[in-house]
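So that the names make sense, note that chain A is the first sequence line, chain B the second, and so on, each numbered from 1.
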There are 2 protein chains.
Amino acid sequence: MPSAKVELFETDLQESAVFFKALGHPARLMILQFLAETNSCFTGDISSILPLGRTTVNQHLDELKKSGLVQGHISGIKTNYCLNPDKIDDLKSVMENIIGVINNFKNSNCC
Amino acid sequence: MPSAKVELFETDLQESAVFFKALGHPARLMILQFLAETNSCFTGDISSILPLGRTTVNQHLDELKKSGLVQGHISGIKTNYCLNPDKIDDLKSVMENIIGVINNFKNSNCC
DNA sequence: AATATTTGACGTACTTTTACGTCGAATTTA
DNA sequence: TAAATTCGACGTAAAAGTACGTCAAATATT
């Protein structure tokens, strides 16, 4: 009976995990990179660069939206996807933090 | 019929995604931090700092082992878990790479 | 030597993820 | 205006993830 034990962890940790989970699929990494490089961001544009069906890509976009890293503005019938600068900043901080932890480790010896 | 489409992506991207997937749970983030800070690394030690059962923690350790970030040396009956310095370095590179992509984005305007 | 503790392995149940097909509405093209 | 295209929404089915209980073996304690 697996219930959401995730809530038992500290909020910081939870949010970091949400970010990394969002990045935990190659399709979503590609989407992120694409959105960072271009500013055109309709579903069709994005799915055409991925080896996946359009609906699947849509689902990955939803996943990214849930993490907050990506925003979707509704523009007529289409949804216009783009990165959320604030959350992207947060992601950067989280990564820099992890890199710090890693660097500390490098000084000591592994078992 | 969802088959492993992950293979359709470039190897680099796949490996990055594997790392992030491994970090995509607060328990695994805590384990990683713990292993970076201390060098004692038996299951009992680790599960005692987490709000999860021992067997669940073991499962998360397996997940981390599958990503390569964590190694498990068998020492008698116990398994001695520790970080894999090479993979940790890889993770660092991947993160620095993403930070680079993010920084480029910051210069342009979102939609 | 008997008991208690600890460990990894296995099984189980429920949830989430992944991937896609199909649908009707809206939009563009002919 | 008719046909084609494109979109988001919904449904579905398989796979993976999450969480734990239990077990037998090994180890430590009494």
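For the pair A:Ser47 (side chain) and A:Gly44 (backbone), a donor-acceptor distance under 3.5 Å is present.
A side chain to side chain contact (heavy atoms under 4.5 Å, CB included) with B:Gln71 is found for one member of B:Asp86, B:Asn84, B:Leu35 and no other, namely B:Asn84.
When the nucleotides C:dT7, D:dA19, C:dT18 are ranked by their closest atom to the side chain of B:Thr43, C:dT7 comes out on top. Counting only heavy atoms from C-beta on, A:Leu52 has its side chain closest to C:dA19 among D:dA19, D:dC20, C:dA19. Of the candidate nucleotides D:dG17, C:dT18, D:dG8, D:dG8 has the atom nearest to the side chain of A:Tyr81. Among the nucleotides C:dT7, D:dG17, C:dC20, the one closest to any side-chain atom of A:Gln59 is C:dC20. In this structure, the nucleotide among D:dT18, D:dG8, D:dG17 sitting nearest to the side chain of B:His60 is D:dT18.
Between A:Lys78 and C:dA26, a side-chain N or O to OP1/OP2 separation shorter than 4.0 Å is absent.
For A:Glu96, the CD atom sits in a packed shell: over 12 heavy atoms of surrounding residues, nucleotides or ligands are nearer than 6.0 Å.
Ring geometry for B:His60 against B:His25 counts as tilted: the plane angle lies between 30° and 60°, on a 0 to 90° scale.
Atom-to-atom, NZ of A:Lys65 to C1' of D:dG8 comes out at 10 Å; the value is rounded to the nearest Å. Whole-Å rounding puts the B:Asn58 CG to C:dT6 C1' distance at 11 Å. Atom NZ of A:Lys21 and atom C1' of C:dT17 are 8 Å apart (whole Å). For B:Leu50 and D:dA19, the CG to C1' distance is 13 Å, given to the nearest whole Å.
B:Thr56 comes within contact range of at least one nucleobase, with a heavy-atom separation under 4.0 Å.
Between the base of C:dG21 and the side chain of A:Arg54 there is no donor-acceptor pair shorter than 3.5 Å.
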